[in-house]
K.L.:
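Quick one: structure below, then a few questions.
Every number for a ligand or one of its atoms is a count from 1 in the order of the listing. Quick caveat, the model's predicted, so the values are computed rather than measured.
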Amino acid sequence: MCGIVGYIGKGSASDIIIDGLSKLEYRGYDSAGVAIHNGLNIEVEKHKGRLDVLASELEKNPIEGSLGIGHTRWATHGEPSDANSHPHLNNDKSLAVVHNGIIENYVELKEELIGEGSEFLSQTDTEVLPHLISKYNKGNLLDAVMEAVTHVRGSYAIGVISKNSPGELVAARKDSPLIVGVGKEEFFIASDIPAVLKYTRDVIFIENDEIIHIKDNKIKIYDKDKKEVEKEIFKVTWDIEAASKGGYDFYMDKEIHEQPTVIKDTIERRLNPEGDIVLDNINITKEQLKDIKKIFIVACGTAYHAGVLGKHAIEKLMRVPVIVDIASEFRYGENFVDENSLVILVSQSGETADTLAALRNAKEKGARVLSVTNVVGSSIARESDDVFYTWAGPEISVASTKAYTTQIVSLYMIALDFAIKAGTIDKETYKNIIDNMLKLPECVQSVLDKSESIKDIAKSMINKNNAFYLGRGADFSLSQEGALKLKEISYIHAEAFAAGELKHGTIALIEEGTPVVAVSTQDTLLEKMVSNVQEVKARGAFVISIAKEGNNLIEGVSDRVIYIPKISDFLAPVVAVVPMQILAYHVSALKGLDVDKPRNLAKSVTVE
Ligand code: F6R
């Protein structure tokens, strides 16, 4: 989704903003632009296409100035075009605005403003903002923005500059992420931390309805009642290196290879010297656990797939039924959440609009909310009662990999901790699972070492239009994740099916050479899976099986087998997803696609 960056200080605003926007490319975009105050006027350069297009235009026609705002746009209202790119201006070009989010009442505002003489040059919802701020601007930019936002419904993170105030930057947030970077005699605003990390590690997280005013080298932050609020400065501890490619062609490949380390970090940082789990930011006591009558796990996309495995873990260890729901369904459905419910939200970014709305829905109904997220200080983390941070580090590639495996591990640790507190497992089982979890990094590494042979398999898939993924139990959920990975980055249509469902319809689609990825890591279901594989094989499928070492039964009925190390059925999903991630990666890279930035997708889905 859109990214915004703003700068005020002594440096070259244009260079700093372009650099910042390049760190937000992962969010997905189709056009980019900047507005720079050149000391006299606001100059704008904006173009459809990649950031390079904008950067090369700015090289040809540099804009000097130390105040500016920039934007990468992911089209929602109006096609990707120069005119629809941000920043947008008011009629006399004295105000420039960048915006991330959606102005829901823009049609009525636009009609009203047109009636009052405003001229619109784009199809965007955003363009109402400069006109609206201009309308209320009586010489005080901060007051004008404060007034304008009270007329707006929807979500926004905005940055505003005015021709008449060369030393002033105003920004505001509601339901779209926004942070401030605090440097030495310079300030930055941005949608995410990587945009400012080259310049400062001191960051302020902006909350909903807060307005930022930077003037005369001072920052003030106000709430919606125009009362100044004290904000804490947060020190970012991770390195910019963690958010760069480090020698890999694509972030996705790098992030797949980081999994042994991040899984290890996620587990080991939660173990005390005795090897027991200590969940720092979760304060649910034994007694409170007893009061929890219903558990929900709610998330979107890949995070939802991790949630399904979380359900398996909690049900197995705590012996309570768990409902898993897709956030966009949960938020509008009759979800039966009440004050005796625990709602677990899973979100890499911590900013996904539907997941955040589900969180608020659950809180309104009195539920306790626990989030599993990767981004410290994200909206979901801040609004939850309890938080479990995955230690995946920044995930830049749009296709989630390391966040997913750390989400599963995190949910397993929560399940273990709750189960031992609730007395539904004994100490021996608890210790045994933890010991085996500590072997996960090594098991994942052994799959990573097979990347070249998986690339060979990928070669056989690049010209296919369809693929199927099959599994039973936990492997079915894994198959869904495997299929999602393939389709989102390789554009091959891929569907996952519970293997037992095949003969109820889907098997009609299998023809000579159809690739079928069969996930068979559950010992108890192996024989059933062998039968299902035989069924598709008999109809001409090209079967790629993923199985545990030693499960030779599957070899006789498959065209290719990717073995994962022998590990318990319970933990196998964390390892078995890795060959599917590698397979999808190679198919996409071999097809010459932009692996990290698949078409139509955004990393952080901050609109509904
Ligand atoms: C797919 C993918 C998405 C996200 C989903 C939720 O690879 O990454 O399906 O999992 O958009 O995002 P978060 O986890 O940030 O809430």
K.L.:
Please say which of Q407, E395, Q348 ends up in a side chain to side chain donor-acceptor pair (under 3.5 Å) with N374.
P.N.:
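Only match with N374 under side chain to side chain donor-acceptor pair (under 3.5 Å): Q348.
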K.L.:
Which ligand 1 atoms does S347 reach within 4.0 Å, using its non-hydrogen atoms?
P.N.:
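Going through ligand 1 atom by atom, the ones under 4.0 Å from S347 are 13 (P), 14 (O), 15 (O), 16 (O).
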K.L.:
Are V398 and ligand 1 in contact, using a heavy-atom cut-off of under 4.0 Å?
P.N.:
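True for this residue.
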K.L.:
For Q348, take its heavy atoms, then give the atoms of ligand 1 lying under 4.0 Å from any of them.
P.N.:
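Checking each atom against Q348, I get 13 (P), 14 (O), 15 (O), 16 (O).
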K.L.:
Check the side chains of E351 and S379 for a donor-acceptor pair under 3.5 angstrom, ignoring hydrogens and angles.
P.N.:
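Yes, side-chain donor-acceptor contact under 3.5 Å.
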K.L.:
Between D192, L178, I17, L21, which is the residue that forms a side chain to side chain contact (heavy atoms under 4.5 Å, CB included) with I4?
P.N.:
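Single pass found, and it is L178.
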K.L.:
Looking at atom 15 (O) of ligand 1, what's its closest protein heavy atom, distance included?
P.N.:
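In this structure, atom 15 (O) of ligand 1 has S349 OG, 2.6 Å as its nearest protein heavy atom.
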K.L.:
Need the ligand 1 atom indices (1-based, order shown) with element for anything under 4.0 Å from a heavy-atom of E488.
P.N.:
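It comes down to these atoms of ligand 1: 1 (C), 7 (O).
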K.L.:
Output yes when a side-chain donor or acceptor of S155 lies under 3.5 Å from a complementary backbone atom of I102, and no otherwise.
P.N.:
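A pair under 3.5 Å: yes.
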K.L.:
With respect to atom 16 (O) of ligand 1, which of L601, I489, T352 exhibits the smallest heavy-atom separation?
P.N.:
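Looking at heavy atoms only, T352 sits closest to atom 16 (O) of ligand 1.
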K.L.:
Among all protein heavy atoms, pick the one closest to atom 11 (O) of ligand 1 and tell me residue, atom and distance.
P.N.:
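Atom 11 (O) of ligand 1 sits closest to the protein heavy atom V605 CG2, 4.0 Å.
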K.L.:
Would you check if the side chain of K548 reaches a backbone N or O of I567 as a donor-acceptor pair within less than 3.5 Å?
P.N.:
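Present.
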K.L.:
On the ring face of F388, is R270 found with NZ or CZ under 6.0 Å from the centre and within 45° of the axis?
P.N.:
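Because its charged atom sits under 6.0 Å from the ring centre and within 45° of the axis, R270 does stack over F388.
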K.L.:
If we only count heavy atoms from C-beta on, is the I396 to K254 side-chain gap below 4.5 Å?
P.N.:
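Contact flag for I396/K254 side chains = no.
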K.L.:
Need the ligand 1 atom indices (1-based, order shown) with element for anything under 4.0 Å from a heavy-atom of A303.
P.N.:
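The atoms of ligand 1 under 4.0 Å from a heavy atom of A303 are 10 (O), 14 (O).
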K.L.:
Quick one: look up the protein heavy atom nearest atom 5 (C) of ligand 1 and list residue, atom name and how far away it is.
P.N.:
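That would be C300 O, 3.6 Å.
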K.L.:
With a 4.0 Å cut-off on heavy atoms, is E351 in contact with ligand 1?
P.N.:
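Distance cut 4.0 Å: E351 fails for ligand 1.
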K.L.:
Can you pull out the closest protein heavy atom to atom 3 (C) of ligand 1? Residue, atom name and distance to 0.1 Å, please.
P.N.:
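Answer for atom 3 (C) of ligand 1: T302 N, 4.0 Å.
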K.L.:
To the nearest 0.5 Å, tell me how far K365 NZ sits from N335 CG.
P.N.:
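Between K365 NZ and N335 CG, I get 3.5 Å after rounding to 0.5 Å.
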K.L.:
I need the atoms of ligand 1 closer than 4.0 Å to a non-hydrogen atom of A399, numbered in the order shown.
P.N.:
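That gives atoms 7 (O) of ligand 1.
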K.L.:
Quick check on contacts: which atoms of ligand 1 are under 4.0 angstrom from a heavy atom of K485?
P.N.:
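Counting atoms of ligand 1 from 1, those under 4.0 Å from K485 are 1 (C), 7 (O).
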K.L.:
I'd like to know if the side chain of S451 pairs up with that of H586 as donor and acceptor (distance under 3.5 Å, no hydrogens or angles considered).
P.N.:
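Yes, H586 and S451 have a side-chain donor paired with an acceptor closer than 3.5 Å.
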